[in-house]
Undergrad: 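Before I ask anything, here is the structure I am working with.
Every number for a ligand or one of its atoms is a count from 1 in the order of the listing. Predicted model, so just to flag it, every value in this text is computed and none were measured.
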Amino acid sequence: MPVLLITPRRFEDERGWFSETFSDRAIEALGITHPFVQDNHSMSRPVGTLRGLHYQAPPHAQAKLVRCVRGRIWDVAVDIRKGSPTYGQWTAAELSAANGSQLYVPAGFLHGFVTLEPDTEVIYKVSSYYAPESDGGIAWNDPDIGLPWPLPEAGPTLSVKDGKLSSLADFDSPFAYDGVPLTPVA
Ligand SMILES: Cc1cn([C@H]2C[C@H](O)[C@@H](COP(=O)(O)OP(=O)(O)O[C@H]3O[C@H](C)C(=O)[C@H](O)[C@H]3O)O2)c(=O)[nH]c1=O
């Protein structure tokens with residue numbers, strides 16, 4: 001599956017707008033055939049809160065459908081599928097309450113984001129339940145990935161866990177390539 005940027009239609013009128021933010025029928029039409037089993041919601045107070053780069057290993061691998069419902073984020077997916085011609089390459093998009101865009105991050109990709117406004121809230125669907133024993137990650141500033149994070153002067157606000165994630169060079173990926181290379185979403 002490719003990484004997808006999805007922008008559901010907003011029906012505007014004098015009251016504001018309405019949008020179908022999730023529809024099984026609509027995502028199946030995009031080729032997403034697996035179910036989503038859990039909704040996550042995180043709130044990040046400081047601008048420059050950086051959560052990532054995370055994955056869950058098989059058999060608990062997670063595909064994610066991410067959207068920002070308050071504030072703005074720079075949302076990133078990094079290809080970590082063994083044998084992929086785009087291994088270690090990334091794509092990103094700005095998701096915001098204003099644009100209503102969503103990023104679909106397939107299993108086999110690292111996911112992370114940095115907030116661009118205070119009190120930013122992110123909601124995302126995942127295709128497997130949380131399995132902490134299968135939780136893993138790569139350092140946000142890994143030199144082989146080289147993400148150009150839009151950060152505040154003071155640098156990112158990280159969890160202790162995210163501050164000590166391993167490098168891509170030392171990583172033995174549990175994910176296999178599915179024949180679909182990463183193509184940029186924006
Ligand atoms: C992810 C998760 C966490 N938790 C608990 C575990 C901790 O006590 C607390 C915070 O967890 P964590 O620091 O892992 O949360 P984030 O740093 O936002 O992690 C997430 O951020 C990046 C962007 C992701 O894509 C993943 O979904 C996920 O790794 O929530 C749960 O109870 N269920 C869950 O599904």
Undergrad: Do you reckon Met1 sits in the same ILVMFWY cluster as Val105, going by side-chain contacts under 4.5 Å, direct or chained?
TA: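 Unlinked, Met1 and Val105 end up in two clusters.
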Undergrad: For atom 32 (O) of ligand 1, state which one of Tyr130, Tyr124, Phe113 supplies the nearest heavy atom.
TA: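 It is Tyr130 that holds the nearest heavy atom.
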Undergrad: Not counting sequence neighbours, which residues clear side chain to side chain contact (heavy atoms under 4.5 Å, CB included) with Glu133? List them please.
TA: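 If we apply the side chain to side chain contact (heavy atoms under 4.5 Å, CB included) test to Glu133, skipping adjacent residues, the hits are His60, Ala131.
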Undergrad: With the threshold set strictly below 4.0 angstrom, can you tell me whether any protein non-hydrogen atom sits that near atom 24 (C) of ligand 1?
TA: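 Within 4.0 Å of atom 24 (C) of ligand 1, protein heavy atoms are found.
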Undergrad: So, Phe171 versus Tyr55, ring centres under 6.0 angstrom or not?
TA: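 Centroid distance Phe171-Tyr55: below 6.0 Å, so yes.
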Undergrad: Nearest protein heavy-atom contact for atom 12 (P) of ligand 1: which residue, which atom, what distance?
TA: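 So the nearest neighbour among protein heavy atoms is Lys161 NZ, 4.0 Å.
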Undergrad: Regarding Ser19 and Thr21, do their side chains bring together a donor and an acceptor under 3.5 Å, going by distance alone?
TA: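 No pair is found: no donor N or O on one side chain lies under 3.5 Å from an acceptor on the other.
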Undergrad: Measure the distance from atom 16 (P) of ligand 1 to every protein heavy atom, then report the residue, atom name and distance (to 0.1 Å) of the closest one.
TA: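 Protein heavy atom with the smallest distance to atom 16 (P) of ligand 1: Arg51 NH1, 3.7 Å.
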Undergrad: Tell me which protein heavy atom sits closest to atom 35 (O) of ligand 1, plus the residue, atom name and distance to 0.1 Å.
TA: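 Sorting protein heavy atoms by distance from atom 35 (O) of ligand 1 puts Gln38 NE2, 3.0 Å first.
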Undergrad: What's the shortest distance from atom 21 (O) of ligand 1 to any protein heavy atom, and which residue and atom give it?
TA: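 Checking every protein heavy atom, the shortest distance to atom 21 (O) of ligand 1 gives His54 ND1, 3.2 Å.
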Undergrad: Mark up the atoms of ligand 1 that fall under 4.0 Å of a heavy atom belonging to His111, in ascending order.
TA: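 Matching atoms, with element in brackets: 23 (C), 24 (C), 25 (O).
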Undergrad: In terms of relative ring orientation, are His111 and Phe113 parallel, tilted or perpendicular, with 30° and 60° separating the classes?
TA: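 His111 vs Phe113 ring planes: tilted.
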Undergrad: Run through Arg70, Gln102, His41 and flag the one making a side-chain contact (heavy atoms from CB on, under 4.5 Å) with Ile123.
TA: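 Looking at Arg70, Gln102, His41, the match for Ile123 under the side-chain contact (heavy atoms from CB on, under 4.5 Å) is His41.
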Undergrad: Near Lys64, which atoms of ligand 1 are under 4.0 Å from a heavy atom of that residue?
TA: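 So the atoms of ligand 1 that pass are 24 (C), 25 (O), 26 (C), 27 (O).
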